[in-house]
J.: 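Could you have a look at this structure, given as structure tokens, before my questions?
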Amino acid sequence: MDINKIYSSDYLKADDLGGIESRPVLATINDVSLETMQDNTQKICVHFDSYDKGLLLNVTNARNLSSYLGPETDGWIGKQAVLYVTMVDYAGKSTEGIRVRQPKPQPSKPVPKPTVDLNDDPFGV
């Protein structure tokens with residue numbers, strides 16, 4: 001029996017992405033909300049098009065996103081982020097965790113040069 005299915009979470013965790021062996025995933029942000037935790041603290045939760053669960057942002061992930069998307073979360077909707085699993089320190093132990101980063105810029109396609117037909121006289125001469 002898979003304990004991750006027994007003790008499921010409402011939020012994304014490393015196992016949902018496939019664990020440490022998984023490849024990074026490019027995902028589009030659909031929504032950003034403020035979630036109240038059981039201890040009455042609040043955390044930002046980012047929802048992506050590829051997942052039913054949202055990702056609760058720790059300080060590291062919040063700063064990573066805001067570094068390239070800006071501090072106002074309303075402007076994050078429709079933008080993309082790369083989600084990946086890596087080893088992180090949590091409560092004094094090393095464990096798998098989700099991190100986010102800016103997508104790598106895509107090389108722009110060169111604009112094709114217009115072809116000129118030397119037999120075509122644009123002035124009608």
Side-chain angles (χ1 to χ4, degrees):
M1 118 180 48
D2 185 344
I3 65 168
N4 292 315
K5 292 180 181 173
I6 305 273
Y7 301 106
S8 65
S9 170
D10 293 336
Y11 303 104
L12 276 178
K13 56 186 185 214
D15 287 335
D16 294 325
L17 297 181
I20 196 72
E21 299 297 322
S22 64
R23 298 180 61 101
V25 176
L26 180 65
T28 301
I29 298 171
N30 284 345
D31 188 39
V32 181
S33 60
L34 195 59
E35 303 280 327
T36 302
M37 303 292 99
Q38 290 178 345
D39 64 357
N40 287 327
T41 60
Q42 292 187 317
K43 290 190 176 192
I44 297 170
C45 185
V46 178
H47 302 269
F48 297 94
D49 62 348
S50 307
Y51 301 97
D52 293 331
K53 300 176 181 181
L55 176 65
L56 287 177
L57 297 186
N58 59 13
V59 172
T60 300
N61 284 337
R63 287 184 179 153
N64 285 347
L65 285 172
S66 69
S67 72
Y68 75 96
L69 296 177
E72 181 51 57
T73 61
D74 289 341
W76 296 5
I77 309 299
K79 302 294 190 323
Q80 293 184 316
V82 174
L83 292 90
Y84 64 98
V85 178
T86 190
M87 297 305 290
V88 298
D89 289 331
Y90 179 74
K93 295 183 181 180
S94 187
T95 186
E96 292 181 355
I98 299 174
R99 288 292 183 253
V100 296
R101 68 170 170 78
Q102 180 176 7
K104 293 179 181 171
Q106 297 298 314
S108 59
K109 295 180 182 177
V111 177
K113 294 182 180 179
T115 57
V116 177
D117 184 357
L118 297 176
N119 294 323
D120 185 23
D121 185 1
F123 302 107
V125 178

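None of these values were measured; they are calculated from a predicted model.
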J.: So which atom in Gly54 and which in His47 form the shortest heavy-atom distance, rounded to 0.1 Å?
T.: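 Closest pair (atom of Gly54, atom of His47, distance): CA-ND1, 3.6 Å.
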J.: Atom CD of Gln38 and atom OG1 of Thr36: how far apart are they, to the nearest 0.5 Å?
T.: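 Nearest 0.5 Å value for the CD-OG1 distance: 11.5 Å.
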J.: Between Leu56 and Leu34, is there a shared hydrophobic cluster once you connect ILVMFWY residues whose side-chain heavy atoms come closer than 4.5 Å?
T.: no
J.: Mark yes when over 12 heavy atoms from residues, nucleotides or ligands other than Glu21 sit less than 6.0 Å from its CD; otherwise mark no.
T.: no
J.: What's the separation between atom CD in Gln102 and atom CG in Leu69, rounded to the nearest 0.5 Å?
T.: 7.5 Å
J.: Can you confirm whether Asn61 sits close enough to Arg99 that some side-chain heavy atom of one is under 4.5 Å from a side-chain heavy atom of the other?
T.: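 They are in side-chain contact.
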J.: In Å, rounded to the nearest 0.5 Å, how long is the span from OG1 of Thr73 to CG of Asp31?
T.: 9.0 Å
J.: How close do Pro24 and Val82 get, heavy atom to heavy atom, and via which atoms?
T.: CB-CG1, 3.6 Å
J.: What verdict does the side chain to side chain contact (heavy atoms under 4.5 Å, CB included) test give for Thr95 and Val88, after you've listed the backbone C-alpha separation in whole Å, the side-chain angles of each residue and the deciding distance to 0.1 Å?
T.: CA-CA 5 Å; Thr95 186; Val88 298; 4.1 Å; yes
J.: Quick check: is Val25 connected to Tyr11 through a chain of hydrophobic side chains (ILVMFWY, heavy atoms under 4.5 Å apart)?
T.: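 Not linked; separate clusters.
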J.: Look only at the side chain of Lys43 and the backbone of Met37, and say whether a donor-acceptor pair between them is shorter than 3.5 Å.
T.: no
J.: Can you name the closest pair of heavy atoms from Ala27 and Ser50 and give their distance?
T.: CB-OG, 4.1 Å
J.: Please report the closest heavy-atom contact between Trp76 and Val32, naming both atoms and the distance.
T.: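 In terms of heavy atoms, the two residues are closest at CE3-CG2, 4.1 Å.
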J.: Under 4.5 Å between side-chain heavy atoms, hopping through other hydrophobics if needed: is there a path connecting Met87 to Val100?
T.: yes
J.: Of all heavy-atom pairs between Leu26 and Pro103, which one has the smallest distance, and what is that distance?
T.: CD1-CG, 3.7 Å
J.: Does any N or O in the side chain of Glu96 come within less than 3.5 Å of the main-chain N or O of Ile20, such that one atom is a donor and the other an acceptor?
T.: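 Judged by distance alone, yes, a pair lies under 3.5 Å.
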J.: Short question: side chain of Thr28, backbone of Asp49 - any donor-acceptor pair under 3.5 Å?
T.: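 Such a contact is absent between Thr28 side chain and Asp49 backbone.
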J.: With clusters defined by side-chain heavy atoms of hydrophobic residues (ILVMFWY) lying less than 4.5 Å apart, directly or transitively, does Leu55 cluster with Tyr51?
T.: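 Yes.
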J.: Pair Leu83, Leu12 - check side chain to side chain contact (heavy atoms under 4.5 Å, CB included), show working.
T.: CA-CA 11 Å; Leu83 292 90; Leu12 276 178; 4.2 Å; yes
J.: Between Tyr68 and Ile29, is there a shared hydrophobic cluster once you connect ILVMFWY residues whose side-chain heavy atoms come closer than 4.5 Å?
T.: yes
J.: Have Asn58 and Thr60 got a donor and an acceptor in their side chains that come within less than 3.5 Å?
T.: no
J.: Would you mind reporting whether Leu57 and Cys45 have side-chain heavy atoms less than 4.5 Å apart?
T.: no
